[in-house]
Amino acid sequence: MKLVSLQDQRLAVITDQGAFIPDAASDAPTTLNALLTGGVEARTALEAFVGQASNPIDEASLSLAACVPNPGKIVCVGLNYRRHAAEAGMAVPETPILFSKYANSLAAHGDAILIPDVTDQADYEAELAIVIGQRAQRVAEEDALSYVFGYCTANDLSARDLQMLTGQWLLGKTLDGFLPLGPYLVTADEISDPNALQIRAWLNGDLRQDSNTSDMVFSVEEIISYVSHYMTLEPGDVILTGTPEGVIFGDDPAVWLKDGDEVVIEVEKLGQLRNSFYQQG
């Protein structure tokens, strides 16, 4: 299934015919949280609703939120593409480098993102995001994919000057609106191998990132297993898996994101995430 979350928190299912939105009169879950916490019964009810629904809504008329609007945790993996580590002049990590973003950073497909005056070095990062579907604690790698609800396209926007201000990356990673997610949350059954997906980013129509998740240092299974050994993952938690080469940080000279720029992120089978940027003043 291909899912979106609306600005009023309702859940919509996107089909070839259009969008279908469950309501209180149906037995189907009406929010992503209800779907995630409702288990197999909730998903079965949603599939039954879609199978019987008529009068689809034009997808273009929907007002979207981030496709995962209320994650309990947003866990990010740094330097997880070999060629990205090379362009950054850093060693390929021997264990996953983890950091976090917070919910204030969430943004939707189509949102205009403010580049605040606290940074002069805003950068894009195309990423595959994992959305957890059930409680995961000390998960073995061979079982890890069974804990995934789905995947989505992410832009791990980064303020490089703030990121490198200290040894901790957090400040440069979690500015307001610095994590567009979406437009779609695609259920895991639609993705046969998350470690073999094309991933791309365009800046003002210029292809800047063009890679594949096969270049990841740590696979989706390894990441989930590793994180779950240190913290319990809950339904709706989001894990960002890192970005490939081609970010502005690797350019010489670097021309950072500015007023009027547009970035499009695409992960194969997950859709395109499009955002424009503006500056204060």
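Throughout, numbering of the chain's residues begins at 1 and tracks the sequence.
Sorted by first then second residue, the side chain to side chain donor-acceptor pair (under 3.5 Å) pairs that include residues 105-121, not counting sequence neighbours, are Thr119-Asp161. For residues 87-103, the side chain to side chain donor-acceptor pair (under 3.5 Å) pairs, not counting sequence neighbours, are His84-Glu87, Lys101-Asp156.
Partners of Phe99 by ring-ring contact (aromatic ring centres under 6.0 Å, His included), not counting sequence neighbours, listed by chain and number: Trp169.
Looking at Glu234 and Lys73, no side-chain N of the basic residue comes within less than 4.0 Å of a carboxylate O on the acidic one, giving no salt bridge. The pair Asp193-Lys269 does not count as a salt bridge, with every side-chain nitrogen at least 4.0 angstrom from each carboxylate oxygen. Between Arg208 and Glu245 no salt bridge is recorded (no basic side-chain N to carboxylate O distance below 4.0 Å).
Linking ILVMFWY residues whenever their side-chain heavy atoms come closer than 4.5 Å, directly or via other members, leaves Trp202 and Leu273 in distinct clusters.
Looking at Glu262 and Ser276, their side chains never bring a donor and an acceptor atom within 3.5 Å of each other. There is no side-chain donor-acceptor pair under 3.5 Å between Asn33 and Thr31. Defined by atom type and a distance below 3.5 Å, a donor-acceptor pair is present between the side-chain atoms of Asp261 and Asn204. Side-chain atoms of Ser158 and Glu125 include a donor-acceptor pair closer than 3.5 Å.
With Asp123 as the fixed residue, the side chain to side chain contact (heavy atoms under 4.5 Å, CB included) test singles out one of Leu157, Thr243, Ile248: Ile248.
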